[in-house]
Chemist: 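Take this structure first; my questions come after.
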Protein chains: 2
Amino acid sequence: MFQLDLKSGVPICDQIVNGFIRMKALGLISGGDQMPSIRSLAIKFSINPNTVQKAYAILESGGIIYSVKGRGSFLSDDESAHSAVISRAKSDFRAAVRTAHELGLGISEITEVINDIYKEEKKC
Amino acid sequence: MFQLDLKSGVPICDQIVNGFIRMKALGLISGGDQMPSIRSLAIKFSINPNTVQKAYAILESGGIIYSVKGRGSFLSDDESAHSAVISRAKSDFRAAVRTAHELGLGISEITEVINDIYKEEKKC
DNA sequence: ACAAGTGTACTAACACATATAGTACAGTTA
DNA sequence: TAACTGTACTATATGTGTTAGTACACTTGT
């Protein structure tokens, strides 16, 4: 399970959303798996249930999970929903690159950062 | 001179800060150059002078510019201040890459975005 | 049937950041 | 002196994020 950084400035609900997407991407969870209940996750993270609910609502609006009243929330089998979220992440990343470009970062410095973080994949 | 996107969600003061840093990086302005006055820039962009003042305060706190009461604001000669800001931008970009990596974006998708935005530089 | 757990849907309040509006003061320059 | 400059306030409005509390409908296990 992922962790939260309450003082990072990143909205908690976004951290929860990204946490589950990351777990899906890493194969730690897969389609059909039951999500933690809203209340239990709120207790675990010592945050408000409404915040978890908001995160789950975001995940459900994106088709990443589906919820059944009285039963719980489950990870969707729909791979296209997951890839759509990845597409949105790509869009966010594009904005970050654009900002870096505007501030004068050269392509060499950019690729340096990329290679640093993706070094494991490059070895393959 | 750069332009503002009032509906981008990016704070206006940040856009102003980044705009001048970008101009410095591109060589459009250099150390000792006089900055536009707070009021004139506010009129030019049709925004509140306080917003410009906040942007200038950020730039001054970072050593990018210095202000003289009654005379105006001027671009600093201190290159280390500018490089420090670039360093911070690099750090922010690193965080964005890390997020993209965590969400499962492959290096091919990453490089695709990079090449798209830096295409002009690649031609050189 | 009952209790416990589940998602869902509200309203209210608070904190914070952003931006606007207006005013005032101190210093410089022509 | 007039017009410009930066600086420093207060106040207001807006939007977002979070917390708090309540209520309802549904499912599951006993």
Side-chain angles (χ1 to χ4, degrees), chain A residues 2-20 29 32-76 81 88 92 95 99, chain B residues 1-20 29 32-76 81 88 92 99:
Chain A
F2 53 90
Q3 289 186 335
L4 297 183
D5 185 354
L6 300 181
K7 53 182 178 178
S8 67
V10 181
I12 299 176
C13 56
D14 289 353
Q15 292 187 46
I16 295 174
V17 169
N18 288 347
F20 282 113
I29 51 178
D33 285 356
Q34 182 157 15
M35 303 279 288
S37 78
I38 290 178
R39 290 174 177 83
S40 68
L41 200 59
I43 292 175
K44 175 171 184 172
F45 285 144
S46 298
I47 59 177
N48 195 284
N50 290 338
T51 305
V52 181
Q53 182 182 0
K54 187 174 183 179
Y56 277 26
I58 293 174
L59 286 169
E60 187 165 20
S61 71
I64 305 297
I65 68 174
Y66 63 93
S67 299
V68 184
K69 202 187 291 184
R71 293 192 57 213
S73 301
F74 304 87
L75 199 62
S76 169
R88 190 175 59 88
D92 293 344
T99 299
Chain B
M1 178 65 67
F2 53 90
Q3 288 186 335
L4 298 182
D5 184 355
L6 299 181
K7 53 182 178 177
S8 67
V10 180
I12 299 175
C13 56
D14 289 355
Q15 293 187 46
I16 296 174
V17 169
N18 289 347
F20 282 113
I29 51 177
D33 284 358
Q34 182 156 15
M35 303 279 289
S37 78
I38 290 177
R39 290 175 178 82
S40 68
L41 200 59
I43 293 174
K44 175 170 185 173
F45 285 143
S46 298
I47 58 177
N48 196 282
N50 291 336
T51 304
V52 181
Q53 182 182 0
K54 186 175 183 180
Y56 277 25
I58 293 174
L59 287 169
E60 186 165 20
S61 71
I64 305 296
I65 68 174
Y66 63 94
S67 300
V68 183
K69 201 188 293 183
R71 291 193 57 211
S73 301
F74 304 87
L75 200 62
S76 169
R88 190 174 60 86
D92 292 345
T99 298

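Chain letters run A, B, ... following the sequence lines, proteins first, then strands; residues in each count from 1. Just the heavy atoms: all of them, side chains too, but no hydrogens, waters or symmetry mates, feed the values below.
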Chemist: With a non-hydrogen cut-off below 4.0 angstrom, is Ser40(A) in contact with a base, only sugar-phosphate, or nothing?
Modeler: nothing

Chemist: Side-chain N or O of Ser73(A) versus OP1/OP2 of dG7(C): is the shortest distance under 4.0 Å?
Modeler: yes

Chemist: Ile38(B) CD1 to dT5(D) P: how many Å, rounded?
Modeler: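 Distance check: Ile38(B) CD1 to dT5(D) P gives 10 Å.
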
Chemist: To the nearest Å, give me how far apart CD1 (Ile12(A)) and C1' (dT16(D)) are.
Modeler: 13 Å

Chemist: Show the numbers, then the answer: is there a side-chain contact (heavy atoms from CB on, under 4.5 Å) between Phe20(B) and Ile64(B)?
Modeler: CA-CA 9 Å; Phe20(B) 282 113; Ile64(B) 305 296; over 6 Å; no

Chemist: Got Tyr56(B) and Pro36(B) here, is their nearest side-chain heavy-atom distance under 4.5 Å?
Modeler: yes

Chemist: Write down the distance between CG (Leu41(B)) and C1' (dG6(D)), rounded to a whole number of angstrom.
Modeler: 14 Å

Chemist: Output the distance between atom CG (Asp33(A)) and atom CG (Leu75(A)), rounded to the nearest 0.5 Å.
Modeler: 6.5 Å

Chemist: Figure out the CZ/C1' separation between Phe74(A) and dC26(D), and round it to whole Å.
Modeler: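 Computing the Phe74(A):CZ to dC26(D):C1' distance gives 13 Å.
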
Chemist: Does a side-chain heavy-atom distance below 4.5 Å link Asn50(B) with Lys54(B)?
Modeler: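 No, every pair of side-chain atoms sits at 4.5 Å or beyond.
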
Chemist: Evaluate the side-chain contact (heavy atoms from CB on, under 4.5 Å) criterion for residues Ile47(A) and Leu4(A): first the C-alpha distance (whole Å), next the side-chain angles of each, then the deciding distance (0.1 Å), finally the verdict.
Modeler: CA-CA 10 Å; Ile47(A) 59 177; Leu4(A) 297 183; 4.2 Å; yes

Chemist: Expressed in angstrom and rounded to an integer, what is the separation of Lys7(B) atom NZ from dA19(C) atom P?
Modeler: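 Computing the Lys7(B):NZ to dA19(C):P distance gives 16 Å.
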
Chemist: Enumerate the residues from residues 44-56 of chain A whose closest heavy atom to DNA chain C is under 4.0 Å, giving them by residue number; use none for an empty result.
Modeler: Asn50(A), Gln53(A)

Chemist: Look at all strands and tell whether Gln34(B) reaches a base, only sugar-phosphate, or nothing, counting heavy atoms closer than 4.0 Å.
Modeler: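 The residue Gln34(B) makes no contact with any strand.
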
Chemist: Find the distance Leu4(A):CG to dG17(D):C1' and express it as a whole number of Å.
Modeler: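 Between C1' of dG17(D) and CG of Leu4(A): 14 Å.
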
Chemist: Among residues 61-70 of chain B, which contact DNA chain C at a heavy-atom distance under 4.0 Å?
Modeler: Lys69(B), Gly70(B)

Chemist: In the structure I gave you, are the side-chain heavy atoms of Ser8(B) and Gln15(B) within less than 4.5 Å of one another anywhere?
Modeler: yes

Chemist: For side-chain contact (heavy atoms from CB on, under 4.5 Å), just list the numbers for Asp5(A) and Lys7(A), CA-CA rounded to whole Å, side-chain angles, deciding distance to a tenth of an Å, and then say yes or no.
Modeler: CA-CA 6 Å; Asp5(A) 185 354; Lys7(A) 53 182 178 178; 3.4 Å; yes

Chemist: According to the Watson-Crick and G-U wobble definition with distances under 3.5 Å, which dot-bracket string, read 5' to 3', encodes DNA chain D, using [ ] for crossing pairs and | for pairs with another strand?
Modeler: ||||||||||||||||||||||||||||||

Chemist: Measuring from atom OG1 of Thr51(B) to atom CD1 of Ile16(B), what distance do you get when rounded to the nearest 0.5 angstrom?
Modeler: 7.0 Å

Chemist: How far does OG of Ser40(B) sit from CE of Met35(B), to the nearest 0.5 angstrom?
Modeler: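 Taking OG in Ser40(B) and CE in Met35(B), the distance rounds to 10.0 Å.
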
Chemist: Whole Å only: how far is the CD1 atom of Ile58(B) from the P atom of dA17(C)?
Modeler: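 Value for this atom pair: 12 Å.
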
Chemist: Would you mind reading off the distance between Leu59(B) atom CG and dG6(D) atom C1', rounded to a whole angstrom?
Modeler: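 After rounding, the gap between these two atoms is 14 Å.
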
Chemist: Hey, is the side chain of Arg71(A) poking within less than 4.0 Å of OP1 or OP2 on dC26(D), counting only N and O atoms?
Modeler: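 For dC26(D), neither OP1 nor OP2 has a side-chain N or O of Arg71(A) closer than 4.0 Å.
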
Chemist: Could you grab the distance from atom OG of Ser37(B) to atom CD1 of Ile43(B), nearest 0.5 Å is fine?
Modeler: 7.5 Å

Chemist: Donor-acceptor pair under 3.5 Å: do we get one between Arg39(A)'s side chain and the base of dG7(C)?
Modeler: yes

Chemist: Roughly how far, to the nearest 0.5 Å, is the CZ atom of Phe45(B) from the CD1 atom of Ile12(B)?
Modeler: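 Here the interatomic distance stands at 10.0 Å.
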
Chemist: Out of curiosity, Ile38(A) CD1 to Ser67(A) OG, how far, rounded to the nearest 0.5 Å?
Modeler: 6.5 Å

